[in-house]
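Each chain gets a letter, A, B and so on, in the order the sequences are listed, and its residues count up from 1. Below, each value reflects all heavy atoms present in this structure, side chains not excepted, and no hydrogens, waters or symmetry copies.
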Amino acid sequence: MIAEVIVDVSAYPIDRPFDYVVPEEMRSVIECGARVKVPFGPRKVVGYVTRLKQETDLANSKMKAIDELLDLEPVLSTELLAIAKIVARETLSYEIDALQVMLPAAMRAKYEKFITIVEPDAIIDEDLRNLMQGRTRIPLKQVTSSSLLKMIKNYVAQGIITVDNSVSQQTKVKKVRMIHIEDSSTLASLLDTIPSNAKKQIQLIQWMKDHAGKSMEASKVIEASGVQQAVLKTVIEKGAATESHEETYRDPGVSQLQEAQIPYELTEEQQLALDKVNAASTTNKAETFLLHGITGSGKTEVYLQAISHVLKQGKEAIVLVPEISLTPQMTARFQARFGGLVAVMHSGLSAGEKYDEWRKIHRKEVKVVVGARSAIFAPFENVGIIILDEEHESTYKQEDTPRYHARDVAIWRSESFHCPVVLGSATPSLESYARASKGVYTLLQLSKRAKNQQLPAVSVVDMREELKEGNRSMFSRQLADAMHIRLEKNEQIVLFLNKRGFSSFVLCRDCGTVVECPNCDISLTYHRANESLKCHYCGHEEKVPLVCPQCESEHIRFFGTGTQKAEEEIAKLFPTARVLRMDVDTTRQKGAHERILRQFSEGKADILLGTQMIAKGLDFPNITLVGVLAADTTLHLADFRAAEKTFQLMTQVSGRAGRHELAGEVFIQTYSPEHYAIELSKSQHYEPFYQLEMTARKQYGYPPFFYITLIQFSHEDLMKVVAFADKGTTFLKGSLSPETIVIGPAAAAISRVNNRYRYQCLIKYKKEPKLIDTLQQLIKMYRTDWIKEGLLMSVDVDPSTIY
DNA sequence: AGCACGCCGACT
DNA sequence: GTCGGCGTGCTC
């Protein structure tokens, strides 16, 4: 028997299956999708079995045998193996990368070199003896001094020391010590043998008699009986109980926010949508739905009931949410409805916790997974429905290899399982809405709010007028007045600002110099907390200059507005208001999101001030006012999705107000009130925005009218990057169809990051059968020659941003 | 990607 | 003379 193995080496010539002989003893147990340890060249690596066969063209003499079978139960189903092939092909990534992305990071192999002393007596050196401390095998990386390293090399040559490579897994299954208490008669007779001065032992056995025959965790026994660890140990040795180590799951802690468990009564629209989705799941139809529902229209309830429906058929459900730690309310709702059947997967979990959640899915102990992007690869084998909430979110596109889009993977998987996909959004991506309009997806509309509340009244405030009237503050008079009223009424306010930090940049008013990052072509951001300037691209940090570095003028000051600056201004204007700030700086700690949101939900603050992350999912009854401090920030980005992003953001943020009994009001402050993305977010009407934006996309040749692929080049040397970008672009132009448009090369919007110059080239096409092939050739040239000259090149099919 | 093999300069 | 620099080529 021969196994085709994809080995854990990300390199161009290695990106193909290698044949290995399956040793006799593995033949009855080995399966596709299992991990194996194999010899590869002079070393050992982990690989994935992708096929088992009897024949090979390869000379028998070349073939080696599998070293070790790592999984008796395969970690990847044949379905996921097939999906990995599709992902690798469509995103032009290595198959091994596509396979690895499907598994929790904790399962990835760890490679470490070790040195082993074969002849301890031959080692005379004092330093080496000290380092070894009597051990015969230590990791090579513990040897730090170069003189010792040299010496070891010598010993290796003489055969006194050997170097070996260990391939281990980072995976650790958490074990707990369980105590199994004997029956009461055993305990009673044991009690007679305990000397009367051993009071603690007697106390423990007495306690055990009340719990005779039971099994419980050692820590619980110690806590409940009130004795020390040592006493327990002695008593066990005397035969009062037995102990064992059992597997357990780490407890990531369930969100505190709870919701009603009973399904809500559906509105007519919701029921209609649900019926259509249920019909598809009942008849095993791979149909993609676009559930377009305005904010507060109760999309989640439709998801929940559609999931109930598939669970009743004995199938599983995958639910994707943009980034789950942002919406603890969402998870809480799923857990309240489906209880222990839910696994949660998001970036806030530790590697061990993720691994445990993965194992619950793999063992089919849960039926529903709620998670961020990578949860699309949940190892279920009988999926009945896949849901992507907020389908327009760009976080569904992975920004590094494999650059897959969860929406695409969802549709591929739905075809394997013959199950429906539900894409839900109040502001669908133009691509999805266009597909729904063409009938590729089935459009489901929810046009009314579920509890029949009014949409909030949205006002657009022209900040140019404010400036003219002499108001230089970042709060317009209208917004400030509205805030005063809410504060008096003890209602809550959400303020949205799309920028963290204190202010966007530092500018000299005499010579116009903006302080820029020395490594990147971007201005630095002022951070109040440590009086520093930070680069958000490379992490460069420096002290705030007191005088202009160019002209030495003292008239150097901060411009623009960040969340920290806003917080300060609020303190000045509304001294009594209690403010919570939520941005990447205040939420870096684990659980900080939940803590801030809980504080706000418990009414411990009047104002929640935050960036992007507060736009989604907040659902608190007492929020009646939403203010967008600067709507323009996303509008003028050099990206074709800028208008769409702005409209989506405005609509999402506005949707936070007045979701319950109290009516909501929204103020959008902007310097471009006439822009259609802002103008139309006032009414929250998606359709007119869609029509206008489609006209613009058509005119400029962007998605959904054209597909796009972005090639990025970067090099430390400006001349070299230009030369390579030119070479690449010329090649593409010559190889692709004449109808395909190749734009560039041009300098990227941020033309230098981390001291590397960046150029890019954009391919636009409606139909390009040669695309994948041509890109493969380009990548081959890069991998074989260009990379050696220090060039970095990336290919992004269907990029989320070209900026 | 790693790792071994192999062919030329500066040191004990 | 040897140590070690990194160019070249291979991995079932």
What contact category does [X] fall into here, base, sugar-phosphate, or nothing, at under 4.0 angstrom with non-hydrogen atoms?
{"X": "A:Arg16", "answer": "base"}
{"X": "A:Lys44", "answer": "nothing"}
{"X": "A:Tyr20", "answer": "sugar-phosphate"}
{"X": "A:Pro39", "answer": "sugar-phosphate"}
{"X": "A:Ile2", "answer": "nothing"}

Under 4.0 Å from a heavy atom of chain A: give me the 5'-most and 3'-most nucleotides of DNA chain B that qualify.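 The contacted stretch runs from B:dA1 to B:dC3.
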Side chains of A:Phe731 and A:Val742: does their closest heavy-atom pair fall under 4.5 Å?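 No, their side chains stay 4.5 Å or more apart.
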Would you say that A:Val167 contacts A:Glu68 through its side chain, given a criterion of any heavy-atom pair below 4.5 Å between the two side chains?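 Result no, sub-4.5 Å side-chain heavy-atom pair not found.
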Provide, to the nearest angstrom, the distance between the [atom1] atom belonging to [X] and the [atom2] atom belonging to [N].
{"X": "A:Leu58", "N": "C:dT11", "atom1": "CG", "atom2": "C1'", "value": "12 Å"}
{"X": "A:Tyr94", "N": "C:dT11", "atom1": "OH", "atom2": "P", "value": "18 Å"}
{"X": "A:Lys37", "N": "C:dC12", "atom1": "NZ", "atom2": "P", "value": "16 Å"}
{"X": "A:Phe18", "N": "C:dC10", "atom1": "CZ", "atom2": "P", "value": "13 Å"}
{"X": "A:Arg43", "N": "C:dC12", "atom1": "CZ", "atom2": "C1'", "value": "13 Å"}

For A:Tyr355, run the side-chain contact (heavy atoms from CB on, under 4.5 Å) check against A:Glu357, A:Glu353, A:Arg359 and tell me which one passes.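 Single pass found, and it is A:Arg359.
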Ring-face cation contact, A:Tyr396 with A:Arg407, 6.0 Å cut, 45° max: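 Geometry flag: not set, cation outside 6.0 Å or 45°.
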Cut-off 3.5 Å, side chains only: do A:Thr401 and A:Tyr94 have a donor facing an acceptor?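 Note: A:Thr401 and A:Tyr94 side chains miss the donor-acceptor criterion.
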Is the number of heavy atoms from other residues, nucleotides or ligands under 6.0 Å of [X] [atom1] greater than 12?
{"X": "A:Lys53", "atom1": "NZ", "result": "yes"}
{"X": "A:Glu25", "atom1": "CD", "result": "yes"}
{"X": "A:Glu716", "atom1": "CD", "result": "no"}

With a cut-off of less than 4.0 Å, is there a side-chain N or O of A:Lys62 near OP1 or OP2 of C:dC10?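 No, because none of the side-chain N or O atoms of A:Lys62 sits under 4.0 Å from OP1 or OP2 of C:dC10.
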Base-pair map of DNA chain C as dot-bracket, where | denotes pairing with a different strand and pairs are Watson-Crick or G-U under 3.5 Å: |||||||||||.
Salt bridge present between A:Glu247 and A:Arg363 (N-O < 4.0 angstrom):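 The answer is yes: the pair qualifies as a salt bridge.
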